[in-house]
Protein chains: 2
Amino acid sequence: MRKIKESSTHFANKNSLGDICPEIYAINLLSGQWTLAICCHLSNGKLRFGELKKRIPQVTERMLALQLRKMEEDQLVIRTVYPEVPPRVEYELTESGMELIPIFKQLEAWGERHKSRL
Amino acid sequence: MRKIKESSTHFANKNSLGDICPEIYAINLLSGQWTLAICCHLSNGKLRFGELKKRIPQVTERMLALQLRKMEEDQLVIRTVYPEVPPRVEYELTESGMELIPIFKQLEAWGERHKSRL
DNA sequence: CAGGATCCTACAGGATACTG
DNA sequence: CAGTATCCTGTAGGATCCTG
């Protein structure tokens with residue numbers, strides 16, 4: 001039993017909440033600015049870095065790279081590097097990642113309904 | 001038809017993505033640090049400000065107030081003020097808010113599964 | 001009791017340029 | 001092609017004190 005409080009930075013709190021509550025943990029993994037967009041585009045199959053970039057034009061290379069790294073670390077995507085020249089790197093969803101798809105569908109439906117009610 | 005790009009700040013992007021994609025819109029509404037926690041506690045019925053605070057000890061009064069306001073604006077909670085002294089304010093989920101509960105359950109299940117796989 | 005007001009900091013995210 | 005490196009900014013969130 002560790003203490004939880006004691007000089008909380010924003011994300012000390014974030015993580016401690018996520019530790020307790022699996023749904024908060026889940027949302028924390030997904031609440032990166034580009035995470036959902038990436039997942040959606042990968043839900044139809046693997047894509048290369050450049051293809052992702054083309055499909056999400058607003059994202060900068062830096063952010064795309066960062067997000068993908070984080071998602072790899074979080075076991076949402078698999079990163080495959082082909083040792084060729086020019087380099088080729090492909091991203092695809094993990095098992096866990098795919099299991100999110102039905103949840104996305106529901107969020108999508110909810111989002112549409114909710115939006116139309118405003 | 002407005003333009004979308006042109007000097008994007010973080011949340012100009014965020015919103016423009018949310019405009020296009022209902023699931024991103026949904027996640028944006030839910031990704032406040034305390035939003036989920038509040039929803040969960042309200043899913044069993046209405047609560048007063050102080051009760052919420054007691055149930056989520058890590059949150060500061062300021063943040064709780066801010067989040068609740070935002071959630072009210074986003075039509076996730078209803079805020080009822082009773083004109084008494086001392087003041088009493090109760091919060092409860094809206095229809096939309098309640099419709100999220102089953103989705104939370106699934107996120108919770110996913111979160112647990114995912115966590116155990118790390 | 002249920003918050004406002006004030007002040008502050010860490011971090012997410014952006015712009016741009018460069019490279020194996 | 002698929003990134004790093006560097007530098008910078010806005011904003012979410014925290015601490016603390018005050019009040020109808």
Side-chain angles (χ1 to χ4, degrees), chain A residues 4-18 24 27-38 46-72 74 77 79-91, chain B residues 4-18 24 27-38 46-72 74 77 79-91:
Chain A
I4 289 190
K5 201 59 188 286
E6 190 154 304
S7 143
S8 53
T9 73
H10 328 160
F11 85 26
N13 268 342
K14 203 160 186 165
N15 290 339
S16 73
L17 272 182
I24 295 184
I27 285 274
N28 284 348
L29 291 189
L30 300 176
S31 55
Q33 171 99 94
W34 306 102
T35 315
L36 274 230
I38 294 170
K46 50 174 65 171
L47 286 175
R48 302 178 56 170
F49 187 87
E51 293 171 324
L52 272 172
K53 196 165 115 68
K54 223 172 294 173
R55 280 172 170 71
I56 315 175
Q58 304 100 324
V59 77
T60 61
E61 290 175 353
R62 183 183 113 95
M63 283 317 297
L64 186 53
L66 282 179
Q67 283 285 333
L68 284 167
R69 300 302 185 152
K70 201 203 158 219
M71 291 170 73
E72 191 193 2
D74 292 340
V77 300
R79 180 169 179 268
T80 315
V81 186
Y82 297 88
E84 311 168 350
V85 182
R88 183 159 63 100
V89 180
E90 287 184 342
Y91 294 92
Chain B
I4 289 191
K5 198 59 188 290
E6 190 153 306
S7 142
S8 52
T9 73
H10 328 160
F11 84 28
N13 269 343
K14 202 162 185 162
N15 289 339
S16 72
L17 272 182
I24 295 183
I27 285 275
N28 283 348
L29 291 188
L30 300 177
S31 54
Q33 172 101 92
W34 306 102
T35 315
L36 274 228
I38 294 170
K46 49 174 65 173
L47 287 175
R48 303 179 55 172
F49 187 89
E51 292 171 325
L52 272 171
K53 196 164 113 70
K54 222 172 293 172
R55 280 173 171 71
I56 314 177
Q58 304 99 323
V59 76
T60 60
E61 289 175 354
R62 184 184 112 95
M63 282 317 297
L64 186 53
L66 282 180
Q67 284 285 333
L68 284 167
R69 297 305 185 152
K70 200 203 159 219
M71 293 170 72
E72 191 195 2
D74 292 339
V77 301
R79 179 168 180 268
T80 315
V81 186
Y82 298 88
E84 311 169 350
V85 181
R88 181 160 64 99
V89 181
E90 287 185 342
Y91 294 91

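A note on names: the letters A, B, ... follow the listed sequences, proteins ahead of strands, and every chain is numbered from 1.
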Worksheet, complete the sentence: In whole angstroms, the gap separating P of D:dA12 from CG of B:L36 amounts to 17 Å
Worksheet item: To the nearest angstrom, how far is A:N28 atom CG from D:dG13 atom P?
Response: 10 Å
Discussion item. Rounded to the nearest 0.5 Å, what separates atom OG1 in A:T35 from atom CD1 in B:I24?
Written reply: 9.0 Å
Item to complete: May I ask you to say what B:E84 touches in the nucleic acid, namely base, sugar-phosphate or nothing, with a heavy-atom cut-off under 4.0 Å?
Response: nothing
Report, one pair per line, the protein and nucleotides 3-7 of chain D atoms (nitrogen or oxygen only) whose separation is under 3.5 Å.
residue, atom, partner, partner atom, Å
D:dG3, OP1, A:R79, NH2, 2.6
D:dG3, OP2, A:Y91, OH, 2.6
D:dG3, O3', A:R69, NH2, 3.4
D:dG3, N7, A:E61, OE1, 2.8
D:dG3, O6, A:E61, OE1, 2.8
D:dT4, OP1, A:R69, NH2, 2.4

Worksheet item: B:G32 and B:Q67: which non-hydrogen atoms are nearest, and at how many Å?
Response: CA-NE2, 3.8 Å
Item to complete: Please report the closest heavy-atom contact between B:R48 and B:E51, naming both atoms and the distance.
Response: N-OE1, 2.7 Å
Fill in: Nearest-Å distance for atom pair CD1/P, residues A:I56 and C:dG14
12 Å
Worksheet item: When the C1' atoms of the five terminal pairs at each end define the local axes, what inter-axis angle does the helix from C:dC1-D:dG20 to C:dG20-D:dC1 show, to 10 degrees?
Response: 60°
Response to the item:
When rounded to whole Å, the CD to P distance for the pair A:E51 and D:dC1 reads 11 Å
Response to the item:
Separation of C:dG3 atom C1' from B:L66 atom CG, nearest Å, is 10 Å
Worksheet item: According to a strict under-4.0 Å criterion, is A:Q67 in side-chain N/O contact with OP1 or OP2 of C:dG13?
Response: yes
Response to the item:
note: A:Q33, atom CD; D:dG10, atom P; distance rounded to Å ~ 16 Å
Worksheet entry | Side-chain heavy atoms of B:I38 within contact of B:L47, under 4.5 Å | no
Worksheet, complete the sentence: Rounded to whole Å, NZ of A:K53 lies from P of C:dG14 at a distance of 13 Å
Item to complete: To the nearest 0.5 Å, tell me how far A:E61 CD sits from A:L52 CG.
Response: 12.5 Å
Worksheet item: How many Å lie between CE on B:M63 and C1' on D:dT16, as a whole number?
Response: 15 Å
Response to the item:
In short, B:V59 meets B:L64 closest at the heavy-atom pair CG2-N, 3.7 Å
Item to complete: Can you measure from CZ (B:R79) to CG (B:L68) and round to the nearest 0.5 angstrom?
Response: 8.5 Å
Fill in: Value rounded to 0.5 Å, distance of CD in A:E72 from CG in A:D74
10.0 Å
Worksheet entry | Non-hydrogen atoms of B:Q33 and A:L17 that approach each other most closely | O-CD1, 4.0 Å
Discussion item. Here's a test of your reading of the structure: between A:G32 and B:R88, which maps to the more 5' nucleotide of DNA chain C?
Written reply: B:R88
Worksheet item: Where the side chain of A:T60 is defined as all heavy atoms beyond and including C-beta, which of D:dC1, D:dG20, C:dA15 is the nearest nucleotide?
Response: C:dA15
